[in-house]
Amino acid sequence: MSGVEAQEKVSSNRLVTQLGDHSPTVLLCRPCLIVVQGTLGSSPEPPPESWAEAPGAMKGLTCFFLCFFLSESRGFEIPTNGLSEFAGYGDLVESAPGKFQFVPENRRYQRSISGESGERMEDVDQVTLYSYKVQSTITSRVANTVIQTKVVNHSPQPQNVVFDVQIPKGAFISNFSMTVDGTTFTSSIKEKTVGRALYAQARAKGKTAGLVRSRALDMEDFKTEVSIAPGAKVQFELHYQEVKWRKLGSYEHRVHLKPGRLAKHLEVDVWIIEPQGLRSLHVLDTFDGHFDGVPVISKGHQKAHVAFKPTVAQQRKCLNCSETMVDGELVVMYDVNREEKVGELQIFNGYFVHFFAPENMDPIPKNILFVIDVSGSMWGIKMKQTVEAMKTILDDLRTEDHFSVVDFNHNVRTWRNDLVSATKTQVVDAKNYIEKIQPSGGTNINEALLRAIFILNEANNLGMLDPNSVSLIILVSDGDPTVGELKLSKIQKNVRQNIRDNISLFSLGIGFDVDYDFLKRLSNDNRGIAQRIYGNQDTSVQLKKFYNQVSTPLLRNVQFNYPQTSVTDVTQNSFPNYFGGSEIVVAGKVDPEKLGQLQSIITATSANAELVLETLAEMDGLEDFLSKDKHADPDFTKKLWAYLTINQLLAERSLAPTAAEKRKITKTILQMSLDHHIVTPLTAMVIENEAGDERMLADSPPQDHSCCSGALYHGSKVSPSSVPSWVNPSPTPVPPLPAVGAQVLESTPPPHVMRVENDPHFIIYLPKSQKNICFNIDSEPGKILNLVSDPELGILVNGQLIGAKKPKNKKLSTYFGKLGFYFQREDVKVEISTETISLSGGSRTSVLSWSDTVHMLSQRVLVSNVHGLIGQFMNEPKIHVFNERPGKDPEKPEASMEVKGQKLVVTRGLQKDYRTDRVFGTDVPCWFVHNSGKGFIDGDYKDYFVPQLYSFLRRP
């Protein structure tokens with residue numbers, strides 16, 4: 001038995017023997033990634049008067065884990081009332097080993113026979129777990145969970161009842177309440193010192209509250225214990241929220257179920273609402289087939305429901321057993337559709353969230369250094385499991401990858417002094433080297449990391465690395481430094497000073513002896529993350545799973561850009577890498593009054609190209625969808641923004657360079673915690689009765705200082721001015737072309753110029769007149785407009801219009817949704833849409849996504865008999881603009897323009913030109929021609945309609 005296992009066993013035994021003469025406690029602690037979800041519906045029988053309002057209060061509740069464990073804290077007695085609603089559940093009251101423990105205060109156990117089943121039942125401590133309900137609602141990755149239990153004491157003796165809930169590490173508790181025989185306790189969030197002061201003022205004699213750190217994997221414990229008098233009943237209800245992070249191609253929602261005994265009503269409901277659409281959904285079999293057919297899955301295009309509601313008979317371990325089989329996890333796995341676009345931008349209630357998870361891209365080669373602790377503390381199962389994991393990891397390297405291994409105790413050794421290609425021969429040799437490692441000695445983390453950094457830097461200096469590759473260091477250690485540099489801050493400084501900006505450091509801390517906070521600071525400071533690996537038989541699986549998450553880099557230098565004037569408070573928006581199977585999430589505030597749409601530009605480097613990815617979203621695009629589903633959370637954008645922001649601020653706080661900066665960040669976190677009513681490391685939950693003379697306290701456990709528990713990325717914030725230079729190339733001299741594509745006249749408009757932008761809009765630069773003339777085409781979705789047509793050369797460009805998602809001011813805007821290029825002589829067609837690009841030549845057709853790369857040879861063609869909405873201006877018309885004057889609106893100047901024998905009234909305005917600024921566009925001042933360009937273009941705009949995407953324009 002390991003030290004950790006032994007410690008846990010002793011702790012468990014101690015709890016069992018001490019339970020019973022303690023006082024009310026609320027305990028909150030952190031460890032394990034298990035999500036509990038369920039439904040909070042009303043009971044089939046009418047609730048008692050003290051619970052009359054409970055079902056209505058539950059209807060809107062969502063997502064939570066639940067476990068019932070033994071506790072060390074004391075209980076207090078509450079007077080009792082009648083319990084008629086709980087009568088008649090004799091088949092549930094036999095005490096069984098589990099997490100919901102009830103022990104009479106006199107510690108005496110008596111046995112009797114249950115009249116219903118013939119089983120021997122405990123007569124004295126008949127405590128009924130009347131209901132055990134969990135409801136989770138996931139709206140666009142934001143999970144809300146509510147856990148509710150109802151218990152009644154049929155015993156003539158007082159009973160201690162422990163409510164012990166496991167929730168995912170990193171989740172925020174937002175509310176807790178309990179009703180003990182008609183007395184209701186509610187919660188409020190206070191600054192931690194304020195909460196403790198309130199607790200001290202009204203703490204009754206013998207009552208205690210405490211903090212317990214759980215050692216369960218990626219979980220925290222929320223505990224409260226009360227002593228209930230004979231005949232009394234108690235109801236607990238806990239709310240928390242979390243974000244679902246995509247790992248290895250799917251989202252995982254875990255419902256941790258440990259009622260510890262049979263429950264009359266055991267209900268778990270998981271509701272999933274994803275506007276992107278559900279690609280897949282399934283429930284894992286985690287109960288060895290015992291509950292086959294019990295989970296019921298209902299799946300639609302964008303919504304799904306998973307129900308797990310075993311009857312009392314189905315809960316039993318065997319036909320005549322009184323023990324429950326419900327002891328484990330209900331695991332729901334799902335993923336969303338993302339074939340049509342690589343990013344999903346969702347806007348609602350003044351906030352936006354941006355999900356980014358591109359697929360079907362070539363992996364970027366990686367340079368990876370494995371830095372492995374082989375000190376004496378790694379002896380035994382830790383080393384055996386690490387070697388097993390490393391052998392599998394090395395086999396998974398691609399031939400284009402480069403790697404080496406650094407192992408260290410008090411000395412530092414290297415398998416190779418430089419990086420080598422991951423050929424089969426080298427991989428076999430490295431595996432043989434690792435298998436021969438014998439742990440001993442101390443721990444010299446400082447020198448080991450500096451050696452790994454030196455190997456990567458040297459390889460880069462010698463030109464051995466692909467300039468488009470990704471460099472990673474993965475540190476595996478189970479303890480603090482004991483040899484060499486011992487000061488943690490000095491190690492952190494040494495690493496930061498020597499590591500290059502293109503290297504990411506990931507730290508895996510094995511067990512509980514390692515200073516995990518130090519590893520987090522070390523990784524967060526160097527473009528990586530840290531993860532705790534639990535030292536047990538499962539260590540190898542945990543190591544391999546983590547490696548799989550970072551084994552396939554698809555993008556480098558990923559940056560999200562939004563218009564500065566329309567968004568504020570954006571979360572981290574610059575990330576060193578994107579790994580396949582994961583997802584990057586960015587959120588911020590947006591002012592819906594300033595614009596009807598939000599545009600984002602993502603810049604990144606793939607294996608073979610520099611990418612610019614654009615996304616456009618309507619401000620009210622989700623309103624109809626969310627309003628039609630009663631389970632959808634209308635605050636999901638706000639909650640996700642708050643979750644990301646607070647976690648990122650906590651990480652920044654741990655790295656703050658000065659005390660003043662740390663105080664500033666602390667103040668922001670505290671205010672956000674209070675505003676959003678959540679428990680964070682700076683707040684506490686005060687639980688009190690209506691009179692305020694009975695109080696309990698729930699503190700947050702010590703925080704792991706990394707952003708967004710469960711997320712794979714630790715990024716940074718950059719302003720739009722930091723957009724890579726290649727996105728905004730300097731204008732190069734080009735021959736004057738009297739069509740869209742020539743230089744613009746001005747980059748900074750005079751202050752009186754008003755924006756008159758609509759789509760599709762045209763900017764025609766007339767070099768002889770040195771004027772920009774603009775016009776819009778106001779048509780219908782589905783219409784196809786000819787832009788360029790030269791029948792003699794067999795060249796055309798057509799564009800098909802699509803409509804906006806919904807009208808604005810009773811008008812439906814239109815945009816170009818598809819462009820068609822036709823080269824008749826070569827029999828080549830190119831079709832470009834917002835989803836794909838198709839190339840057709842003869843009988844061959846290739847369909848590309850926007851993430852693919854294709855190289856095309858271009859050749860300038862001299863056109864002569866060209867026409868079309870744009871093509872007609874190859875022959876520049878003569879224009880004369882004069883008599884500039886105030887318009888009907890004084891802020892919109894007007895002028896007269898003579899063109900083609902007609903006199904038109906034009907307005908000074910702005911249009912967007914995206915040639916010189918591909919991210920936000922350049923405001924181009926121009927004279928705007930009204931009525932769809934009438935008088936400026938030849939004929940009427942309807943004359944340019946064509947029946948098919950590759951139809952030539954028929955000229956009159």
Side-chain angles (χ1 to χ4, degrees), residues 337-343 356-364 468 554-555 580 601-616 726-727 729 734 737 739-741 759-760 762 781-802 814-863 865-871 874 914-915 918 944-953:
N337 294 324
R338 50 177 57 84
E339 291 88 350
E340 296 183 356
K341 47 190 174 180
V342 295
F356 182 69
E359 297 178 327
N360 303 320
M361 306 180 75
D362 293 334
I364 296 176
N468 199 32
L554 298 181
L555 294 173
I601 306 291
I602 301 173
T603 59
T605 302
S606 69
N608 41 33
E610 303 283 6
L611 303 179
V612 179
L613 308 169
E614 303 185 34
T615 303
L616 190 68
W726 51 265
V727 177
V734 294
L737 296 176
V740 176
D759 275 316
F762 299 83
K783 295 294 186 181
I784 301 174
L785 292 169
N786 174 254
L787 305 178
V788 177
S789 179
D790 189 334
E792 292 183 7
L793 292 178
I795 297 174
L796 70 79
V797 182
N798 292 333
Q800 186 173 29
L801 301 178
I802 59 172
T814 56
Y815 313 91
F816 279 124
K818 187 181 295 183
L819 295 174
F821 298 80
Y822 183 29
F823 305 92
Q824 191 176 41
R825 293 181 180 179
E826 292 80 10
D827 192 22
V828 172
K829 298 177 180 177
V830 181
E831 181 179 314
I832 301 176
S833 70
T834 56
E835 289 83 27
T836 59
I837 304 168
S838 65
L839 306 168
S840 301
S843 59
R844 297 182 59 187
T845 300
S846 299
V847 179
L848 308 172
S849 70
W850 281 98
S851 60
D852 294 327
T853 302
V854 64
H855 299 281
M856 298 184 66
L857 298 176
S858 61
Q859 180 179 356
R860 179 163 292 192
V861 179
L862 181 63
V863 293
N865 188 28
V866 66
H867 205 260
L869 276 171
I870 295 176
M874 290 297 294
Y914 290 94
R915 291 168 299 145
R918 295 168 64 184
Y944 297 88
F945 287 163
V946 291
Q948 304 294 333
L949 192 61
Y950 299 108
S951 298
F952 283 94
L953 179 66

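Sequential numbering from 1 along the given sequence is applied to the chain's residues.
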Hits for side-chain hydrogen bond (donor to acceptor under 3.5 Å, both in side chains) against Asn468, two or more places apart or cross-chain, chain-then-number order -> Arg556
Rounded to the nearest 0.5 angstrom, the CG-CD distance for Leu785 and Gln800 is 10.0 Å
For Glu792 and Arg825, the nearest pair of non-hydrogen atoms, with its separation, is O-NH2, 3.0 Å
The ring-ring contact (aromatic ring centres under 6.0 Å, His included) partners of Phe945 (sequence neighbours excluded) come to Tyr941
Closest heavy-atom pair, Ser606 versus Met361, reported as atoms and distance to 0.1 Å, is CB-CE, 3.8 Å
Value for CD1 (Ile837) from CD (Glu831), rounded to nearest 0.5 Å, stands at 10.5 Å
Margin query: Taking Ile784's backbone N and O only, do any of them form a donor-acceptor pair with Asn798's side chain (distance below 3.5 Å, no angle check)?
Written below: no
Closest non-hydrogen atoms of Gly871 and Val866, given as atom of the first, atom of the second and distance, are O-CG1, 3.5 Å
In terms of heavy-atom contacts, Ala607 and Pro363 come closest through CB-O, 3.8 Å
Apply the test side-chain contact (heavy atoms from CB on, under 4.5 Å) to residues Phe816 and Leu801: give CA-CA distance (whole Å), side-chain angles for both, the deciding distance (0.1 Å), then the verdict. CA-CA 5 Å; Phe816 279 124; Leu801 301 178; 3.8 Å; yes
Between the CG atom in Asn786 and the OG atom in Ser951, the distance rounded to the nearest 0.5 Å is 9.5 Å
Rounded to the nearest 0.5 Å, the CD1 atom of Ile802 sits from the OG1 atom of Thr834 at a distance of 6.0 Å
Evaluate the ring planes of Tyr950 and Tyr822, with Trp represented by its six-membered ring, and classify them as parallel (under 30°), tilted (30 to 60°) or perpendicular (over 60°). perpendicular
Hey, is CD on Glu826 packed in by over 12 heavy atoms from elsewhere, all under 6.0 Å?
yes
Looking only at heavy atoms, the pair that brings Thr605 and Ile364 closest together is O-CD1, 3.8 Å
Minimal heavy-atom distance between Arg338 and Ala357, with the atoms involved, is CD-O, 3.0 Å
Would you call Leu555 and Leu611 a side-chain contact if the rule is heavy atoms closer than 4.5 Å?
yes
- Task: State, yes or no, whether a side-chain contact exists between Leu554 and Pro358 at a heavy-atom distance under 4.5 Å.
- Result: no
Checklist line | Leu819 vs Leu787 side-chain heavy atoms within contact, under 4.5 Å | finding: yes
Hits for ring-ring contact (aromatic ring centres under 6.0 Å, His included) against Phe356, two or more places apart or cross-chain, chain-then-number order -> Phe560, Tyr578
